[in-house]
Every structure is written in structure tokens, then in C-alpha cells.
Amino acid sequence: MSLKPVMRPADGRFSCGPTKKRPGWSWEALAGAPLGRTHRGGIPKIRLAQAIEQTGALLEIPDDYKVFITPASDTGAMEGAMWSMLGGRPVDVFATDEFGRRWLIDAVEELKPQGLRTFDAPYGSAPDYSQVNFDHDVIFTWNATASGVKIANGDWIADDREGLTFCDATSAAFAMDLPWSKLDITTFSWQKCMGGEAQHGIAILSPRARQRLREFRPSWPVPRILQWFEAGDETAKIYEGSTINTPSLMCTEDYIDALNWGAREGGVSALIARTKANAAALDAWVQKTDWIEYLAHDPATRSETSVTLKYAAHAVEGLDQAAQWELSRKIAHVLEREEAAYDIIPHPKAPAGFRIWCGPTVDADDLTALGPWLDWAFEEMKANAV
Ligand SMILES: Cc1ncc(COP(=O)(O)O)c(C=O)c1O
């Protein structure tokens, strides 16, 4: 019998996005934002350029890679890449969860490039990357936020590939080691690992990706918002912060604040270490808890940012998926009411259980404090469910 815990997590925000803001964040972080000014000149333009420069510096991207800000978050970035750059050669799309499936559906139903191949994986597993053909353009998700399955490393990606690699790294960038030489187009949003505000995306392009933009135009129409063609020009203003459309200067200021925090912490390796320590703190509870299991079965590909958990079969005997989902909802609700945890429900299309963000802005002590609350709420709610 679990007693109601006394210690609450100091901050119960474990959402997978927008994620918790960095430790110590307050509205003061935005005090210097150049609001009410145009983004086309003066201090706002300098701030946008700073956001771009600091992104590259913190992520330690190669000198010959380039960064720019895109509209519409990670989806805007991925779709900008797909619409502007695919179509010249066959495409392999790998999907590990609902998000990767969006790119797969974009390819199958909208773009329909010649020679399209798709590789989908059930929840908890990785697609079969061994089937990849690097003469093709290849699309994949580094960390599948909804399934909690990540790519373990880039060893499978050919150095001498003819096609380009398109990597959705939205819940991986700043929290996992990314092998830049293997990635031609990398995208992410501000509201994932750095706890920034939503609606802005980042694209990072290799020299070959920029060459594609210079030398190739797809046959399909590309809406203005997804047009990356100017990024083929090595001196394009987009790399200095001249964005495709109007950005939020408040969000930009907040993102710079997050990047400054990341640098103060000790850079990307320190952010990765924080993430690993967070996942380890949660893992200590998972290992000693017999009613819960990881959804991702292979430890090598188990995400350290979006940790997904399912019920152990014996703990929910007699409950079908719908009933298990109901149990998860009740547990999440009671933990929210108790101010112990917010937003730990899985993605709606994923199996029942919990999804707990362990990215760098979260504190390990809060994850340690969460376990006993989950035990308590499970016992309380399970009694009602059976
Ligand atoms: C892996 C992945 N890709 C894409 C998205 C969509 O991102 P956005 O809402 O920033 O467009 C998400 C959102 O959680 C995600 O986790």
C-alpha cells in the first residue's frame, strides 16, 4: 500500500512540448526584447542573427554548415525542406511514430515523388534502417517523441551517399549527440529541448543541401512559406536573420535566453549530461516498479528525452487499451490536481501509459520525486478501474 507522498516535485512540468522553461527562468528574461520594432533592421535584426549564430555555436555544427530560422515550428522546417528539395531522385521515408508518419503521409499523399519507398514501425520499435538506399534522399526522425524510440547513432548513414539525409531532430537537438557529417538537413523547434516559445523552426544545412537548393527546382508548386530556394545562395540574407516571413521578437529573445543558459551550463555536452541524468533518475524508479515498463523495448534506442512507459501486462489484467487509457487519464488528472505532475499523458495515438519529458530544462530531483506520486496515484485509481 503506497502512502500519499509528502515531497512534491519542485516543478511538475514534464510536458513533451512546449517543455518546461530553463531553471531560473522568469519574465525578466524578456525584458530586453526589442518589441514594437521591425524585424528588418536595427537591434531586432541583430537579435535574429544572434539567435542563428548562437544556435550553431551551442550545437557545435561544422564550420561549413549553415543555420536559418523557419516559420511554423518544426513542421514548417521539415515541410519547407521536403517541398523545396525533394523530387529529383527516389525517396526513402522512415517513420517511428505519429510525427515521422506525417512526413511519410506528406510524401505519399501530397508530393508523390518518383521512386518513393516507405518504412513504418509499430509503437515501441524502430523501422528497419538496414533497408535504406543512400542513392535516394532519406527522411527520418532522430527521436520519435510519441513512441520514445530514438536513433542510437549515425553509423548506418553512408559517408559517400548520393542522396541527402533529412533529419527531424526536434526532440533530440541539444539533448542527444547528433553526427553532423551524416545529416544534410536537420530541423527542430524552439519549444522542445530548450524550453523556448513555439512557432519558430530551425533548419541546419550541409554544403550539399545548399548545392541542391542552388541547382534543383521541384516540379510541384511550393507555397511561399515553404520556399527555401534563396538558402542555396551562400551569402543569402536568410542566414543573417532575414526570415521568410515576420518572426516574433519576443520568442526570439526567449530563445536567446535559453541559448545563453545552455552556454552557461557548459554547452551541448552539459545539456546532454543533464538529459542523461534526468532519464537515469526516472529509470531508477522504473527498474524497481513492477507495474510499469518501457514502451521502447530496445534499451539502445530508448529515448532519454521523451520517455514513454506502458503498463506491465499483469498490472492491468482484464483492462483493454480503452480502459488503460482511462486509467492513465485519471492518474494524470489526480497528479495535476495534486500539483505533482502536468501533461504526462502519452500522445493520443500511442498506447496507454505515460510520457515523461526528461530533457535538459527539467531537474533530476523532480523526476526522483515523481516516482512515488505515480505509485500512489496508480494504486488509488486502479482500485476504481477494476
Ligand atoms: C518528432 C517530432 N516531429 C515533429 C513535431 C511537430 O512539431 P511542431 O509542433 O514544432 O511543428 C513534433 C512535435 O512534438 C515532434 O515531436
Side-chain angles (χ1 to χ4, degrees), residues 13-20 55 68-83 93-107 110 119-121 123-127 138-151 165-176 178 183 185-204 223 225-226 228 243-245 247-248 251-252 254-255 258 275 295-296 301-308 342-350 354-362:
R13 280 175 282 191
F14 301 114
S15 157
C16 280
T19 64
K20 179 183 169 287
T55 299
F68 65 93
I69 297 169
T70 70
S73 207
D74 183 58
T75 307
M78 272 305 281
E79 292 191 335
M82 292 175 71
W83 259 255
V93 189
F94 291 88
T96 317
D97 74 347
E98 229 36 56
F99 296 107
R101 233 157 266 141
R102 287 186 187 172
W103 320 139
L104 188 150
I105 291 166
D106 274 349
E110 305 296 330
F119 306 90
D120 206 345
Y123 268 90
S125 307
V138 182
I139 300 179
F140 50 86
T141 306
W142 197 271
N143 182 78
T145 321
S147 69
V149 174
K150 67 170 187 177
I151 292 177
T165 50
F166 293 62
C167 175
D168 172 358
T170 205
S171 54
F174 303 104
M176 294 177 190
L178 292 175
L183 309 178
I185 300 105
T186 305
T187 70
F188 56 88
S189 69
W190 291 356
Q191 77 273 13
K192 277 279 194 278
C193 297
M194 298 308 278
E197 292 305 295
Q199 280 306 320
H200 297 74
I202 289 282
I204 301 181
I225 205 83
L226 302 180
W228 285 16
T243 43
I244 291 172
N245 69 339
S248 159
C251 296
T252 304
D254 185 65
Y255 180 53
T275 306
L295 178 63
T301 61
R302 202 170 275 159
S303 171
E304 293 111 5
T305 54
S306 57
V307 178
T308 53
Y342 299 97
D343 311 320
I344 58 169
I345 213 83
H347 187 279
K349 300 230 165 113
F354 301 98
R355 186 172 55 151
I356 299 165
W357 184 253
C358 293
T361 58
V362 172

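Counting starts at 1 for both ligands and their atoms, in listed order. Just so it is clear, the values below take in all heavy atoms, side chains as well, and ignore hydrogens, waters and symmetry mates. Remember, it's a predicted structure, so these values are computed and weren't measured experimentally.
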Return the orientation label for the F99 and H347 ring planes: parallel under 30°, perpendicular over 60°, tilted otherwise.
->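 The rings of F99 and H347 stand perpendicular, inter-plane angle above 60°.
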For the residue pair Y255 and F174, does the interplanar ring angle fall in the parallel (under 30°), tilted (30 to 60°) or perpendicular (over 60°) class?
-> perpendicular
Going through the distances and angles, do F166 and W103 end up as a ring-ring contact (aromatic ring centres under 6.0 Å, His included)?
-> CA-CA 10 Å; F166 293 62; W103 320 139; over 10 Å; no
Look at the side chain of S171 and the backbone N and O of N143, then say whether any donor-acceptor pair between them is shorter than 3.5 Å.
-> yes
Scan I202, D168, T141 and name whichever one has a side chain to side chain contact (heavy atoms under 4.5 Å, CB included) with D74.
->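 With D74 as partner, I202, D168, T141 yield a single side chain to side chain contact (heavy atoms under 4.5 Å, CB included), made by D168.
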For [X], state whether at least one heavy atom is located under 4.0 Å from any atom of ligand 1.
X: K192; result: yes
X: N143; result: yes
X: W103; result: yes
X: Q191; result: yes

Heavy-atom distance to atom 10 (O) of ligand 1: which of S73, G100, G17 wins?
-> S73
Quick one: which of T96, T19, T75, T170 has a heavy atom closest to atom 15 (C) of ligand 1?
->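 Comparing heavy atoms across T96, T19, T75, T170, the nearest one to atom 15 (C) of ligand 1 lies in T170.
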Go through the side-chain N and O atoms of S189 and T170 and say whether any donor and acceptor fall under 3.5 Å apart.
->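 Their side chains do contain a donor-acceptor pair, which is all the 3.5 Å distance test asks for.
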Check the side chains of S73 and T75 for a donor-acceptor pair under 3.5 angstrom, ignoring hydrogens and angles.
-> no
Nearest neighbour in protein (non-hydrogen) for atom 4 (C) of ligand 1 |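 Result for atom 4 (C) of ligand 1: D74 OD2, 3.0 Å.
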To the nearest 0.1 Å, how far is atom 5 (C) of ligand 1 from its closest protein heavy atom, and which atom is that?
->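 Answer for atom 5 (C) of ligand 1: F99 CD2, 3.3 Å.
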What part of D168 sits under 4.0 Å from ligand 1 if we count only heavy atoms: the side chain, the backbone, both or neither?
-> side chain
Which of the atoms in ligand 1, numbered in the order shown and given with their element, are less than 4.0 Å from a heavy-atom of [X]?
X: T145; value: 1 (C), 2 (C), 15 (C), 16 (O)
X: T141; value: 1 (C)
X: S189; value: 10 (O)

So, are D120 and R101 salt-bridged, with charged N and O less than 4.0 Å apart?
-> yes
Could you tell me whether K150 and E304 make a salt bridge, using a distance below 4.0 angstrom between a side-chain N and a carboxylate O?
-> yes
Please determine if R102 has a nitrogen or oxygen closer than 3.5 Å to a nitrogen or oxygen of ligand 1.
->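 For ligand 1, there is no N or O atom that lies under 3.5 Å from one belonging to R102.
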